[in-house]
Amino acid sequence: MSASPDLSIEVEDVRKRYGRTEALKGVSLEVRTGELFALLGPNGAGKTTLVHILCTIHRPDSGVARVAGIDVARNPVAARQNIGVVFQESTLDERLTVEENLEFHGLIYGVPTRLRKQRIRDLLEIVELSEWKGHVVRALSSGMKRRLEIARALVHDSQILFLDEPTVGLDAQSRERIWEHIATLQKERNLTILVTTHYLAEVEECDRICIVDHGEILAQGTPERLKTQHGYELLRVVPRTDGDREAILEKYAGRMVSENDELVMKSDGEVFVEQFLGSFGGRISAMNLEKPSLESVFLNLTGRELRDQTANARERTLAFGKRGGEHTR
Amino acid sequence: MDTARTEAAPAVPVQRRRGILQEATAVYAIWLREIKRAIRDKGQLIGGVSRPLLWVIILGIGLNPYFRGEVYGEVRFVVPYTYLQFIFPAVIVLNMMYTAVQSAISVIWDREFGFLREVLVSPMSRGAVLLGKVLGGTTVALFHGLIVLLLARFADVSLTLPRILSGLGMMFLVAFALTSLGVVIAGRMRTFEGFGVFSNLIILPLYFLSSSIFPLDPALTRAQTVVVYPEWLVLLVEWNPITYAVDALRGTFIGFNQFDPRLGPIILSVMAVIFFLVAWRDFRRA
């Protein structure tokens, strides 16, 4: 089958297993050229595995994945020329300067000298790091490092950009700034961007969203379509006493989505709310009615809120290094 | 796919060919990175300077008067050189071993911190990545070997140009082999417990067992040697490839060989080739 020119990324029934865990259970998706496409899912959903397959680090067990029309399993080197990748963890050399990191990238991708210098200058301008080009990367903030990595992924003029959790671990302000840069770059260069994230608020601006969990695609579409198809109104209430809480739980057990200090239940319009207020109006201390949001889509599809991961052995080794373990960087 | 369709797709840039020149550029990029990192690592530099000072100036001068042996009641110098001269070539090897291990550790950190991924998703071949890494480590190790050479006059080793040149050749082989070995070991390590493990488990045993700080008396027959030294020690020394690296450098710098002088360069070359090939095989699988 030949590749379609309008599609930058094609994934057909890709499966991948690590030992006993099935990381991807037959995933298929298509990303059109020039699109900002988000893979949304909790940690461990299989997003990173899919990105790793697309950027040729891992091979799929079965299925076909193509970037820019090139089969990543059959022709990884050609595929690599066309993609830029920003991994979840920083892959910068912290001991080199900002400019040296970009130079290094340009050299290993074989970008001719004059073009390389020009592009590095332009990209540093775009991500607002020109003044920092002589600084060692270790001295930069995490937000700046991320911006630098995004710039680096474009030094070889890649048309397809993979961003794996580009904003994880950043403060709200830096996150916003990263997204501004992503939007600018996408518009200016007609880039195709595939981004993974587990922050719901961030994907509202994306062209299309794909929700994954446990290695499977649960839904795909524009944010609006997902909201109308899978979303619902959420009623959040805080019961006054434990007794009130029990009473509400008993009556609305079928609608309950989350039971923390705050009870969250599905609502289906004003009738339900009026009825609820009629019987429990005096027994709650706070309440909030939410329009269908991506959060409700996510809750509906996965049956849970986005969770966080615990540290594994590898992360502990990393932490050792970051604490200034011996002869690190 | 027909050409009209390719032109219609902006996401498919013209396939750039990667020739020898591009691979060479990539090797250069990796090599340059190694050099820059080494220059900026003050700790490594301090170690590279203090180690030879300790071994040559303190240990060497301190043990110099005692460098003679008593065999069957007859006291004489075991080898016709001073102790300083004797350990000088060995300290060169020691200093290069530490550097090689350090570049091995940088492989581990590159892997753990993710920098390796930046290289692995680039279009350069794995062989080029490895060659750049090993050549970079070799250059730094050579530099650390040269630091020791600066102490030659304190050790009464006279350096002539031919000696320096052939010495550099030997040192290159040693450095290349050791750096490749370091990469092989690093590739097999799943966890990293710190530099101490490397130092105590690999560098120092190899060093002490290389006849670096004590000679196996060449005047003795094999049977006599085994009487003076326990057999296991003699065996370990003879099986240790570093022994021949030290011996080759001794032959070059002070003209003294405990083993057949042809053995050193041959074993060094074989080591360099084999370790590099093993590292290459591991790297392609990674």
Side-chain angles (χ1 to χ4, degrees), chain A residues 2-8 33-34 52 55-57 67-70 76-85 87-97 100-101 103-110 136 149 152 156-160 190 192 313-314 317-318 320-322 325-329, chain B residues 1-2 4-19 21-23 25-30 32-33 36-41 43-44 47 101-102 105-106 108-110 112-125 128-129 132 190-196 198:
Chain A
S2 162
S4 159
D6 303 330
L7 296 176
S8 282
T33 302
H52 281 184
C55 63
T56 74
I57 285 199
V67 290
I70 302 162
V77 175
R80 288 177 201 151
Q81 281 283 10
N82 293 292
I83 58 172
V85 194
F87 291 104
Q88 203 164 340
E89 292 139 1
S90 161
T91 60
L92 295 166
D93 187 328
E94 303 237 321
R95 248 196 244 165
L96 297 185
T97 65
E100 283 167 343
N101 266 287
E103 271 283 332
F104 178 84
H105 187 91
L107 278 174
I108 62 174
Y109 278 81
V136 177
E149 281 195 283
R152 184 180 64 176
H156 58 288
D157 200 26
S158 48
Q159 295 298 310
I160 303 171
N190 191 33
T192 307
R314 203 180 148 263
T317 309
L318 266 173
F320 166 70
K322 282 187 179 147
E326 300 158 83
H327 299 274
T328 41
R329 351 197 66 198
Chain B
M1 201 197 299
D2 54 310
R5 271 178 101 185
T6 317
E7 276 164 15
V12 188
V14 183
Q15 205 58 60
R16 278 159 283 196
R17 256 199 23 239
R18 284 187 72 82
L21 194 68
Q22 284 208 341
E23 292 289 351
T25 317
V27 171
Y28 164 74
I30 301 224
L32 189 65
R33 166 177 182 253
K36 281 182 175 161
R37 286 174 61 92
I39 291 170
R40 285 170 204 175
D41 184 356
Q44 192 182 5
V101 160
Q102 230 135 28
I105 288 173
S106 83
I108 295 178
W109 286 127
D110 278 355
E112 296 299 316
F113 280 107
F115 185 80
L116 190 64
R117 281 202 195 139
E118 146 81 351
V119 178
L120 293 186
V121 294
S122 79
M124 74 186 290
S125 70
V129 178
R190 288 288 146 247
T191 56
F192 181 55
E193 308 290 344
F195 189 72
F198 261 114

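So that the names make sense, note that chain A is the first sequence line, chain B the second, and so on, each numbered from 1.
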Start with the C-alpha gap between B/Lys36 and A/Thr97, add the side-chain angles, then the distance that decides, and say whether side chain to side chain contact (heavy atoms under 4.5 Å, CB included) holds.
CA-CA 10 Å; B/Lys36 281 182 175 161; A/Thr97 65; over 6 Å; no
Partner set under side chain to side chain donor-acceptor pair (under 3.5 Å) for A/Thr91, not counting sequence neighbours
A/Glu149, A/Arg152
Any idea which of A/Leu96, A/Val136, A/Val67 has the most non-hydrogen atom pairs under 4.5 angstrom with chain B?
A/Leu96
Give the minimum heavy-atom separation between [X] and [Y], together with the two atoms involved.
| X | Y | value |
| --- | --- | --- |
| A/Arg95 | B/Ala38 | NH1-N, 4.4 Å |
| B/Met124 | A/Ile108 | SD-CG2, 3.6 Å |
| A/Tyr109 | B/Ser122 | OH-CA, 3.3 Å |

Nearest 0.5 Å please: distance from the CG atom of B/Asp110 over to the CG atom of A/Asp93.
7.0 Å
Rounded to the nearest 0.5 Å, what's the gap from CZ on B/Arg33 to CD on A/Glu100? Could you check?
11.0 Å
What part of B/Leu32 is in contact with chain A, defined as an atom under 4.5 angstrom from a non-hydrogen atom: side chain, backbone, both or neither?
neither
Can you list everything that forms a side chain to side chain contact (heavy atoms under 4.5 Å, CB included) with A/Ile57? Sequence neighbours excluded, please.
A/His52, A/Cys55, A/Phe87, B/Arg117, B/Val121
Can you find a heavy atom in the side chain of A/Leu92 that is under 4.5 Å from one in the side chain of B/Glu118?
no
